[in-house]
Amino acid sequence: MAVHDEPAAPARPFGRVRLPRWHDGVLLVGQDGPEHLRVRHSVAAAFTAERVEGWRPVIRDVADELIDRMVSGGPGAELVDAYCTPLPVLVMGALLGVPERDAERFRRWSDAFALSARTTAEERKEHIEQFAEYIAELFAAGRAAPGNGLIDDLIAAQDGRGGLSEGELACLVMSVIVTCTRTTSNMFGRGLHTLLGGDRFLWRRIVAEPALAPAVVDEALPCGSQGDPRPLRLAAEDCELPYGTAEKGRAVVLSIRSASSRRAGYHEPNAVRLDRSGRWRPMSGRGPYDGLGAHLARAELQVGLSLLAERLPGLRLSAGPTRFRMPESLPVTW
């Protein structure tokens with residue numbers, strides 16, 4: 001089934017199947033309606049496009065350092081482990097003011113959410129509890145030594161304008177970290193697999209015209225990089241679907257890939273058009289469910305892609321084309 005995302009749509013007829021509640025908060029992805037909007041609006045100002053623009057030098061510094069490490073050990077690297085994954089992890093760590101050794105733990109904790117099928121329920125529970133405890137310590141340190149960074153904006157969401165509980169704030173921050181690390185890494189890895197395969201036409205375009213990087217991120221990466229996660233939802237009321245009625249209480253599997261496809265009315269919707277105006281950006285949702293970290297993810301992909309093309313223009317896959325569902329390995333040379 002297709003999942004539509006009209007910004008002005010009324011409350012959705014599908015309730016979410018919630019994870020066990022180890023804290024008094026619920027992950028943002030597990031919330032709907034007024035509850036979702038209340039939590040989201042309390043911290044939205046910390047992740048605006050204008051705020052993210054000021055973070056681009058941080059992103060570039062992290063990307064430069066990672067490329068330096070690859071070059072020093074090259075030619076040749078495993079691009080997922082050396083670049084795609086650590087870039088968003090270390091950027092988030094830098095923005096939150098945590099040391100690199102601690103930021104690396106975000107990856108393991110994020111995997112507890114994204115790769116839950118590979119861990120037992122007990123292991124996943126342990127990782128998420130460690131994650132929440134670290135976030136609580138991070139906020140305690142921020143209150144003890146206040147500043148003007150991202151951590152201070154998030155603290156203000158609890159202490160002032162947002163009125164969030166400690167558990168809500170912890171779960172919110174975990175949601176943002178997972179989205180801004182694991183999701184961005186996945187899209188970057190799959191996207192680079194597409195760009196560096198075959199005749200590398202789009203990659204060569206970026207090398208020749210670096211200003212095209214934002215258009216490639218919006219236009220080409222979603223086309224070649226999306227998997228098809230299929231979250232399980234419960235029908236909160238009877239709902240008519242193309243194949244019949246989903247009765248209240250029935251489990252429904254949603255196709256995110258279908259929901260993320262370009263809508264009818266776009267000229268050549270399935271083609272990569274770098275000159276397209278009014279781009280459809282399916283990577284982050286739309287309207288009230290637009291990802292909080294969407295602007296940060298887009299900036300990381302744009303900066304990371306353009307800098308990689310600038311410094312390693314001869315980058316190419318070192319193995320033949322393979323099916324690439326999960327970006328676990330991407331051997332390259334230059």
Side-chain angles (χ1 to χ4, degrees), residues 1-44 47 112-117 121 124 128 164-165 167-168 171-172 174-176 178-180 182-183 186-187 190 218 222-267 269-270 278-294 297 325-326:
M1 63 171 287
V3 185
H4 300 291
D5 61 327
E6 300 296 337
R12 296 179 296 172
F14 298 109
R16 297 183 181 270
V17 178
R18 299 195 174 191
L19 301 172
R21 299 180 100 176
W22 296 302
H23 308 280
D24 63 324
V26 177
L27 296 178
L28 192 62
V29 73
Q31 296 174 328
D32 277 303
E35 180 185 16
H36 175 99
L37 295 177
R38 177 184 67 85
V39 175
R40 176 194 175 84
H41 287 169
S42 66
V43 297
F47 296 96
F113 288 94
L115 302 175
S116 57
R124 190 176 185 217
I128 295 176
L164 299 180
S165 70
E168 285 176 328
C171 285
L172 176 64
M174 286 192 290
S175 296
V176 172
V178 171
T179 301
C180 292
R182 188 72 199 183
T183 303
N186 288 352
M187 176 161 281
R190 292 191 183 104
D218 287 341
C223 292
S225 64
Q226 290 179 5
D228 191 13
R230 300 192 176 194
L232 182 67
R233 298 292 181 260
L234 296 179
E237 61 187 46
D238 290 350
C239 184
E240 293 298 326
L241 301 175
Y243 55 79
T245 301
E247 299 175 352
K248 180 178 179 180
R250 181 180 293 275
V252 179
V253 177
L254 309 180
S255 172
I256 300 301
R257 183 164 191 157
S258 176
S260 297
S261 60
R262 291 190 182 93
R263 298 175 179 174
Y266 275 79
H267 179 59
N270 296 318
R279 289 194 188 92
W280 165 235
R281 298 181 173 117
M283 72 171 83
S284 59
R286 288 288 294 272
Y289 295 94
D290 189 20
L292 268 179
R325 285 184 55 84
M326 291 298 292

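We're numbering straight along the sequence, starting at 1. This one's a predicted model, so the numbers in the text were calculated from it and none came from an experiment. Atom set for the values below is all heavy atoms of this structure, side chains included, hydrogens, waters and symmetry mates excluded.
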> What closest approach, in Å, do Ala235 and Glu247 show between heavy atoms, and which atom pair accounts for it?
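Minimum heavy-atom separation between Ala235 and Glu247: CB-O, 3.5 Å.
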> For Lys248 and Asp238, work out which heavy atoms get closest and say how close.
N-OD1, 2.8 Å
> Could you report the tightest heavy-atom contact between Gly249 and Leu234, atom names first, then the distance?
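Minimum heavy-atom separation between Gly249 and Leu234: O-CD2, 3.9 Å.
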